[in-house]
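Below is one structure, written out as structure tokens; comments come after it.
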Amino acid sequence: MPKKRSGGGLSPLQQAAKFLGVSVLAGAVMAGIALPAAGALGLTAKGSVQSFDEIPANLKSPQLSQRTTILDAKGGQIASVYSRDRTVVDLKDISPYMQKAIVAIEDSRFYQHGAIDLKGVLRALNKNAQEGGVAQGASTLTQQLVKNYFIEEAGDDPTKVAEATQQTMGRKVRELKYAIQIEEQLGKKKILENYLNITFFGEQAYGVEAASERYFSKHAKDLNLQESALLAGIVQSPSRYDPVNDEAEATKRRNIVLQRMAELGDISPQEAAQAKRQPLGLKPSQPKNGCITAVQGAGFFCDYVREVFLTDPAFGKTKEARAKLWNQGGLTIRTTLDPQSQQSVQNSIKNHVYKSDQVATAATIVEPGTGKILAMGQSRPYGFGTNETQINLSVNQGMGGGAGYQPGSTFKPIVAAAALEGGMPATQEYPSPYQMPYPSPVAACNGKTWRDDPRKPSTLTNENESEHGPYSMKEATAKSVNTYYVQMISDIGICPVINMAKKMGVARADGRQIDQAPSIALGTQEMSPLTMANAYATFASRGMYCTPVAIESVTQTTGSRVKSLPVPRSTCSRAMSEKTADTVSTLLKGVVEDGTGQEAGLGDRPSAGKTGTTDERFAAWFVGYTPNMAGAVWVGDPRHQRKMINITIGGIPHDKVYGGEVPGPIWRDMMNGALEGKPTEDFNLVDIPDGNGSGDNHQGQGQGNGGQHGGANGGGHGQLIGGLLGGLTGGGATGGGATGGPGDIGGTVPTAPGNIIQGQTNGGANGRAVGGTGGRR
């Protein structure tokens, strides 16, 4: 043994030898029941070993991390995800050959000794003393099991893993005490079972069942002699003896295991010799982990489920608690995904947009009245390669998506709902010229007022010069007339629209507040397809908004025990009256039948919807619904760089892309497939008389400084529109409006792609309206 150190103390190896010697004399180690206080033997030197008696007496077996299975609504598997690929099995479901092989090579005296193998320890101490370090271990299977417990508890934290595996006397002493404890509590068979379920076999396989499936594509109970020997040999060094990458080295190691089994009498020399002559017989299967393996293009939905799990308090009060539960796995998550709808979405996307196109598409279907997400897909697959992405283009940024896309005119029905709910008649008419300046001032929230900059007044136009009024609400919605809807929001004020959007779950994809500017009527605020689909589901369910949900149930398996976990439920609330919702459905049914969305029609099945194309054609939409399904389709460049002008999509060239031209047919085909075999339901339509252009209905429902439009007598607090309408109807007074005070809402011109000019709080300063026409057809 090395001499004493210059400081006069014993080396850690000498300390351990003395410690073990005293223990043997006391008969403690062999009895496996107690060990003397290490502190009396100088084992509590700072930074080395904790006092033996101070080590907690109880070691709880960690819940082993296992794979989690994500299912669709019908019980079909979508994907398998895991922190560690493991399936826990009982000892009876592990081949007897495997049990003998692991004992033979890792701890041949396993059934003869207690928690500690005295002979092995003394042999290792002698070897290590000669080497002057830790050159040889003497851990029993029980001690190795304890070490694996520490590693399992460390999870994916590299610092904790290092602490759990460091070669120090402190860790060894803790290991000894816990080994004694579990030897008493569990017994040999349970220790062996736990060890075979926890240990790492390389190639992402934790536990013998996962290893058997990984290397041989079979269950652990079906392993033969040579297969068992191979797996047992891997444990010592999974990278060195990896049979997939080094067959020769793995074969040598396997044969060593077979020879050891013969020496111990587990098999005959003849059996060993015959097994050594056999090839490895690998039938490897690729690790199938994560949402990238999801079927039917459901990788992004799978990823959304994971985000829900990690963010919803239903699965744990803290982020850390939820992450721990997810990483432990062993979960069976049944989702709301309808396989028929999902397949239909994928088929439609594949037929209309290629993954190599310059632009992409994303589509989502939800169920009105329940909030269940039935389908979610996109043209660029889930992955890391060319034309692939891990960004979920269907959802908000906080749930794994991007910053969203301007919905264009698909936002107009929300403005209509706010106006109708405030008492505006569905026969309301506005002059709706081809071109006009933004009205100013316009009432906003919290007593504030939006004002345009009189030095640089903003204007807006309709899509075509032939589109000029007067228009009624029905015709203006079918033709998607921009000037009509800007006149409408300036009449009722901005705040009712923002409040209606909030009631319908409509929020910006990037988490910011919706800007207070009249241009929001044209869809200038970036939204996600899931948000828009779920908002339109509110119309389909006659005014009831339900929060979107993706998870139906979750069960967790711990050993033989299966328990159900609480899951988030959809909460439904009334966003508008049935009459308002039915009126909007009547308006949007006209869009599909006679307006800009005719290419999205579903034939004999009643449907309603709205097209949307942004001013710079960075995005095009169709959002629509039947009474039993609502869906949204977006097409565009996620980077907001490629305008959809002179572009080929899905092999078809387009001079200009419109919402009804590209997204519309995608929506039509995906909804037809999703609804096949489902009952045909009709809307509760209302009678909306056609407008006569007489101006009799110009009495507005304005709020705040938005004022009345002026009516038959031309009175009230007019504004630009009020004066225009008053003049057209013989009413008189021109608009003026009060001057702005502190807290007025102005506008700024950002540098973001698409010339989006978004209203910002401007402390009383005048500002510009949102530029461009924003909400094309």
Side-chain angles (χ1 to χ4, degrees), residues 61-69 71 75 77 80-107 110-111 140-142 144-146 148-149 151-152 182-183 185-235 238 243 254 257-258 261 264 266-267 271 275 280-289 328-332 555-563:
S61 300
Q63 181 178 323
L64 300 186
S65 60
Q66 302 183 70
R67 71 182 66 178
T68 285
T69 303
L71 307 175
Q77 181 169 319
S80 178
V81 299
Y82 46 78
S83 172
R84 292 190 169 102
D85 185 12
R86 176 189 284 120
T87 300
V88 177
V89 293
D90 294 333
L91 192 63
K92 64 181 177 60
D93 292 321
I94 301 173
S95 166
Y97 285 123
M98 185 67 220
Q99 298 178 41
K100 292 178 180 179
I102 199 71
V103 169
I105 199 62
E106 289 295 316
D107 184 4
F110 175 63
Y111 292 106
T140 63
L141 278 184
T142 309
Q144 291 183 49
L145 176 60
V146 172
N148 277 293
Y149 281 174
I151 294 172
E152 190 73 19
I182 65 173
E183 186 89 22
Q185 292 178 347
L186 300 182
K188 293 294 185 181
K189 287 187 176 181
K190 191 63 177 178
I191 289 171
L192 180 59
E193 176 186 297
N194 288 2
Y195 178 79
L196 286 169
N197 276 308
I198 199 172
T199 198
F200 180 52
F201 288 87
E203 293 288 332
Q204 301 181 30
Y206 288 80
V208 66
E209 178 71 9
S212 182
E213 293 176 352
R214 174 70 183 96
Y215 294 110
F216 301 110
S217 299
K218 62 169 60 175
H219 294 297
K221 65 181 180 180
D222 299 322
L223 291 168
N224 62 29
L225 173 58
Q226 56 266 28
E227 292 166 347
S228 298
L230 176 67
L231 294 185
I234 290 174
V235 171
R254 180 200 67 175
V257 177
L258 290 168
M261 292 177 73
L264 295 171
D266 293 328
I267 58 175
E271 288 176 306
L280 292 184
L282 296 177
K283 293 182 180 178
S285 61
Q286 292 298 318
K288 295 182 177 180
N289 177 27
Q328 284 175 342
L331 307 170
T332 299
T555 58
Q556 184 178 35
T557 302
T558 307
S560 58
R561 199 182 90 186
V562 179
K563 67 175 181 178

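Residue K218 qualifies as enclosed at atom NZ: its count of foreign heavy atoms under 6.0 Å is above 12.
Residues that satisfy the side chain to side chain donor-acceptor pair (under 3.5 Å) test with E213, not counting sequence neighbours, are R67. By the side chain to side chain donor-acceptor pair (under 3.5 Å) test, Q556 is found to be paired with no residue, residues two or more places apart in sequence or in another chain being considered. Residues forming a side chain to side chain contact (heavy atoms under 4.5 Å, CB included) with S217 (at least two apart in sequence, or on another chain): K283, S285.
With rounding to the nearest 0.5 Å, the separation of CD1 in I102 from CZ in F201 is 5.0 Å.
In this structure, the side chain of E193 engages the main chain of L91 through a donor-acceptor pair within 3.5 Å. Between the side chain of Q66 and the backbone N or O of V88 there is at least one donor-acceptor pair closer than 3.5 Å. With hydrogens and angles ignored, the 3.5 Å screen pairs a side-chain donor or acceptor of K188 with a backbone N or O of F110. In this structure, the side chain of Q99 engages the main chain of I94 through a donor-acceptor pair within 3.5 Å.
Looking only at side-chain heavy atoms (C-beta outward), Y195 and V235 come within less than 4.5 Å of each other. L225 has its side chain within reach of M261: a pair of non-hydrogen atoms, C-beta onward, lies under 4.5 Å apart.
E203 and Y215 share no side-chain donor-acceptor pair at under 3.5 Å.
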